[in-house]
Amino acid sequence: MSETDIRTKFITPAIVQAGWDLHTQIREEVTFTKGRIQVRGQLFSRGEAKRVDYLLSYRRNLPLAIVEAKDNRKHLGAGIQQALGYADALDVPFVFSSNGDGFLFHDRTGTGEQRETILSLDEFPSPGELWSRYCLHKGLDFEQQQPVETPYFDDGSGKTPRYYQVNAVNRAVECVARGDKRLLLVMATGTGKTYTAFQIIWRLWKANQAKRILFLTDRNILVDQTKNNDFKPFGGAMTKITKRKIDKSYEIYLSLYQAVSGAEDVHNVYKQFSPDFFDLIVVDECHRGSASANSPWREILQYFSNATQIGLTATPKETRDVSSSLYFGDPIYSYTLRQGIDDGFLAPYKVIRIDLDRDLQGWRPPKGFTDSTGVEIEDRIYNLKDMDRSLIVSARTELVAQKVTEYLTKTGPYQKTIVFCDDVDHAERMRRALVNLNPLRVSENRKYVMRITGDDEDGKRELDNFIDPEQRFPVIATTSKLMSTGVDAQTCKLIVLDQHIQSMTEFKQIIGRGTRVNEEYDKYWFAIMDFKRATELFADPSFDGDPVRVYEPRPGEEVSPPEDVSSEDSQLSTLVLGRQDEPATGRRARYVVDDLTVSVVAERVQYYGPDGRLITESLRDYTKARVGEKFVSLDDFIRNWTASDKKTVIIEELARHGVLWEALAEEVTAKVGDQLDPFDLILHVAFGQPPVSRRERAAKLKKSNYFEKYKGTAREVLEALVDKYAETGIVNVEDARVLHLKPFSDIGSPVELLRSFGGRRAYDDALHVLEQHLYA
C-alpha cells in the first residue's frame with residue numbers, strides 16, 4: 001500500500017478511535033515553513049518546505065503530538081527520527097511513527113516509564129492522556145491549566161500564527177500561569193513580535209490571569225501602529241496614555257516611556273497608578289532603556305515590580321553595564337535571523353563591500369595645509385576612523401553617492417534605499433550628492449531623495465510615504481540614527497552603510513531593516529552596500545544569519561548587483577524607526593577638504609560559507625572539497641547528473657554542501673571569458689576538465705538533428721529554451737515560470753505552449769530529452 005492508503009485505512013481511524021476529533025484536533029499534511037528563498041538571475045525559487053503528516057492539538061494552536069506516516073514496505077519506526085526533528089522545531093512533546101501496523105511512540109517529556117514504546121493500532125493514547133502527561137511535564141496544576149487552555153484570538157479570516165509564534169505564545173502563557181514574574185522573548189526583526197505580544201496578552205486577559213496590562217515602548221509611531229493594527233481587537237478596553245494624563249477606567253494601556261516618566265518625581269506620571277495597579281507589563285524593544293540598571297525606564301519597571309513583566313527584543317543587549325537577561329532572565333524562547341532565513345520567513349541578503357583608497361591607505365596633509373574654510377589641518381594620518389567625523393572629504397561623499405546611483409540604475413531606480421550616515425551633517429551632504437547625480441529623477445519629483453533625520457520636520461513628515469509600499473516617493477532616504485530601529489516599513493531593498501558602527505546590537509537592528517519578505521510586492525531579498533567595513537561584524541560569533549555572499553568590485557568597475565536581478569517593482573523591505581539622529585558633534589576639530597581625490601582600491605573577494613565562517617582559502621580548493629563530500633569521482637558526479645530528472649536538485653544539494661555558485665561562476669568567467677553552466681563549472685573546477693561554455697553547448701545542439709522530430713510551436717519553444725540556456729543557464733530553463741517570460745510569451749500562453757507538446761507531462765519529457773542532448 002502507498003503511504004496515502006496507509007494513512008486513510010489505518011492511521012487516521014486509529015487516531016479517531018482514540019478520541020481525537022477529526023475536525024478540531026487532527027490536522028493532516030501541515031506545512032510549517034515556507035522554504036528558504038534562493039535567488040537566481042531574474043527568477044527566484046524556494047527550497048523545500050517542512051511538513052508533518054499529522055499534527056494533533058489538544059486545543060487549537062496547542063499542539064501535543066506529531067505522527068509521521070510511512071508506507072508498509074518500511075519498518076514501524078522508519079519516520080521517528082524525521083518526526084523528532086520536526087518536534088524540536090514545533091515544540092511538540094509526543095512523537096509517533098507508523099507504517100500502518102502500529103505505532104512507535106517517543107515520549108520527549110520523560111514522564112512515562114519508557115522513552116520509546118511500541119503500541120498497537122488500538123493503543124493510541126487519547127487527548128486526555130497526553131494532556132495529563134503534558135501538564136505533569138510542565139508542572140501545571142489544575143488551576144494553572146485554565147489560562148493555558150484559553151484559546152487564541154481568531155478574527156474568522158483564517159489567519160493563524162506561524163509555528164514559532166505559537167511556541168513563543170504558549171511558553172509565555174505557561175510561564176505566567178506557573179507564577180514566573182520575569183520573562184524574555186527574543187525574536188528576529190520581521191518575525192512579528194507585536195502580534196506575538198498581542199496573542200499572549202489576549203489569552204491572559206481572557207483567562208483573567210491579567211486584568212490590567214501596560215504595553216511600553218519608546219517610539220510614538222510604535223504605539224500608534226500597535227493600537228491601530230495588532231491590538232485593535234481590544235477595542236474600548238484599550239487606551240493610549242497621552243498628554244501625561246491618566247484615566248484608570250481602562251484595562252489595556254499603551255504608552256511611551258517618555259509619556260509616563262520625567263527627570264523629577266513630580267513629572268513621573270506613572271506614580272499616579274498604585275504599584276499594584278498592573279498585573280502584566282510588556283516591554284517592547286527591551287534591549288534599549290530598560291536594559292540599563294540606572295535608566296529612568298528601569299525605574300518604571302521597578303515601581304511596578306509586583307506585576308509580571310515580559311521583555312521583547314530582536315537584539316538582547318549584554319555588556320558590562322547593560323544586560324537584558326540580568327533583569328528578565330534567560331530567554332524562554334528565541335527565534336533567530338538564521339532560523340527565519342532558513343525557514344523562508346525572512347529575506348536573505350547579499351553584501352557589496354567597497355573599500356576606498358583614502359580610507360585604507362590613509363592621508364597625511366602637507367605641512368601648513370588648510371581646509372576649505374582656511375583652517376590649518378592638524379598634521380597626522382587620517383584614515384577610515386576619521387572619515388566624516390574629523391575629516392570630511394567631498395570627493396569621498398560624491399564617490400559613495402555615485403556607487404549607490406550606479407547600483408540603482410542597474411537594478412531599478414525606484415527601489416527604496418536607506419543610506420546610513422554618521423550624523424545629520426553627513427546625511428545632508430549625502431542627500432545633496434545624490435540629488436546632483438540623479439537630475440532626471442529629481443526633476444520628476446523633488447522628493448526622490450530626502451534627508452529623514454530627527455532635526456528635519458520636512459523629512460520626518462515624509463517618513464510615512466517612504467514606508468508605504470504604494471507610495472513611489474521618497475525613494476532614497478539619507479539618515480543617521482532615526483531610521484535604524486523600531487517600526488516596519490515595507491519598502492527598502494538596499495541598505496547603504498556609510499556609518500561607523502561599533503555596536504553589534506545596532507548593526508543587527510540596521511540589517512533587520514531589510515529582512516521582511518513581502519510576496520505581494522515581489523520582495524524576496526535585499527542588498528547591503530558597505531563603505532566603512534561595518535559588515536566585518538558578520539564574522540563576529542555573536543552575529544546570527546549569514547549573507548548569501550560578499551562581493552567587492554575591482555577598481556573602475558561599476559557596482560552591479562551580486563546577481564542579475566532587475567525589477568522596478570522590487571521595492572519592499574523593512575524599515576525601523578528609532579533613536580533621534582546625532583547632530584554634528586563639536587567635540588573635536590572637523591576639517592572639510594574639497595580638492596582631494598578618492599578612488600576604489602582592489603581588495604580580495606571574501607565569501608561566507610553555509611557554516612557562517614569566512615572563506616579565505618582558494619575558491620577552487622574550497623569547491624573541490626565541497627564536491628568531494630558529495631561525489632566520490634567524476635563518473636559518480638556525471639552518473640548522478642544524468643539520472644536526475646531535475647538538475648536543479650543537484651545544484652541545490654551542492655549549494656547546501658557549500659558550493660558558492662555565484663562566486664565560482666564569476667571567477668571562472670573572468671578567466672575563460674564565457675559563462676559556464678553548473679555542470680561544466682564542476683567538471684572544470686573540481687575535476688580539471690576543459691571548460692565548455694553554455695553557448696558552446698547550445699551551438700553544438702543546434703547543429704544536431706535533435707529538433708527534427710518537433711514541429712510548429714513545440715519546436716519554437718525548444719529552440720527558445722536552448723537560447724535561454726545559453727543566456728542564463730539550466731536553472732531558469734527548468735523553472736516552469738520561464739514560460740511566462742519573453743520570448744515564450746510572444747509565442748503563446750503557458751497553457752498553449754504546454755498543449756503543443758501534448759500536456760505538462762509530455763513537456764517535461766521533452767525537456768528531459770533536451771537536457772540529455774545538451775550534456776551528452
Side-chain angles (χ1 to χ4, degrees), residues 35-41 43-48 338 341-342 344 348-351 525 538-539 545-552 561-565 604-672 674-694 697 725 728-735 771 774-775:
R36 184 180 178 120
I37 295 169
Q38 298 161 338
V39 181
R40 297 188 181 91
L43 301 174
F44 78 93
S45 64
R46 283 190 179 271
E48 186 177 356
R338 186 192 303 273
I341 292 174
D342 286 344
Y349 56 94
K350 311 205 182 141
V351 177
W525 64 278
F538 286 143
D546 309 306
V548 175
R549 71 157 297 199
V550 178
Y551 163 72
E552 295 180 0
E563 289 177 330
D564 182 22
V565 180
R604 66 184 173 87
V605 177
Q606 296 176 311
Y607 309 96
Y608 286 92
D611 59 358
R613 297 193 178 190
L614 189 65
I615 298 169
T616 56
E617 63 184 296
S618 160
L619 185 57
R620 287 173 176 262
D621 292 341
Y622 180 79
T623 302
K624 286 181 182 179
R626 301 292 80 78
V627 173
E629 294 170 359
K630 179 66 179 172
F631 302 103
V632 297
S633 66
L634 172 61
D635 288 342
D636 184 33
F637 171 70
I638 293 177
R639 185 166 52 251
N640 277 273
W641 184 273
T642 303
S644 176
D645 290 334
K646 287 280 190 178
K647 313 309 178 192
T648 307
V649 174
I650 293 182
I651 294 169
E652 291 176 352
E653 179 72 12
L654 286 172
R656 287 194 290 271
H657 274 68
V659 173
L660 305 168
W661 291 112
E662 298 172 47
L664 193 63
E666 193 169 288
E667 181 175 299
V668 173
T669 298
K671 292 185 177 181
V672 305
D674 207 346
Q675 298 282 349
L676 271 63
D677 195 68
F679 175 78
D680 288 295
L681 284 171
I682 295 302
L683 260 60
H684 177 59
V685 173
F687 299 110
Q689 299 298 304
V692 180
S693 72
R694 296 197 303 254
R697 286 194 177 276
Y725 164 82
T728 65
I730 196 63
V731 171
N732 289 340
V733 169
E734 288 191 336
D735 192 324
E771 291 178 335
L774 271 175
Y775 298 112

4.5 Å side-chain heavy-atom contact, Asp735 and Val731: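 No, side chains not in contact.
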Residues, nucleotides or ligands: over 12 heavy atoms within 6.0 Å of Glu48 CD: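 Atom CD in Glu48 is not crowded, with 12 or fewer foreign heavy atoms closer than 6.0 Å.
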Check: Gln689 main-chain N/O paired with His684 side-chain donor or acceptor under 3.5 Å: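 The answer is yes, because a donor-acceptor pair under 3.5 Å joins these two groups.
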Which pair of non-hydrogen atoms, one from [X] and one from [Y], has the smallest distance, and what is that distance?
{"X": "Gly344", "Y": "Ile37", "value": "O-CD1, 4.3 Å"}
{"X": "Arg697", "Y": "Tyr725", "value": "CD-OH, 3.3 Å"}
{"X": "Glu734", "Y": "Asp645", "value": "OE2-O, 4.0 Å"}
{"X": "Gln675", "Y": "Thr669", "value": "OE1-OG1, 3.4 Å"}
{"X": "Leu676", "Y": "Ser693", "value": "CD1-CA, 4.1 Å"}
{"X": "Val685", "Y": "Lys624", "value": "O-CE, 3.1 Å"}

Intermediate values then yes/no, side chain to side chain contact (heavy atoms under 4.5 Å, CB included), Asp677 and Lys647: CA-CA 11 Å; Asp677 195 68; Lys647 313 309 178 192; over 6 Å; no
Stepwise side chain to side chain contact (heavy atoms under 4.5 Å, CB included) check, Ile682 with Thr623: CA-CA 8 Å; Ile682 295 302; Thr623 302; 4.2 Å; yes
Partner set under side-chain hydrogen bond (donor to acceptor under 3.5 Å, both in side chains) for Asn640, not counting sequence neighbours: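 Asn640: side-chain hydrogen bond (donor to acceptor under 3.5 Å, both in side chains) contacts with Asp636.
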Contacts of type side-chain hydrogen bond (donor to acceptor under 3.5 Å, both in side chains), residue Glu771, not counting sequence neighbours: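 Listed in chain order: nothing, the list is empty.
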Ile650 CD1 to Ile730 CD1 distance, which is reported to the nearest 0.5 Å: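 Separation between the atoms: 11.5 Å.
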Spacing of CD belonging to Glu652 relative to CZ belonging to Arg36, to within rounding of 0.5 Å: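 Output value for this atom pair is 11.5 Å.
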Set of ring-ring contact (aromatic ring centres under 6.0 Å, His included) partners for Trp641, sequence neighbours left out: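 So Trp641 forms a ring-ring contact (aromatic ring centres under 6.0 Å, His included) with Phe637, Phe679, Tyr775.
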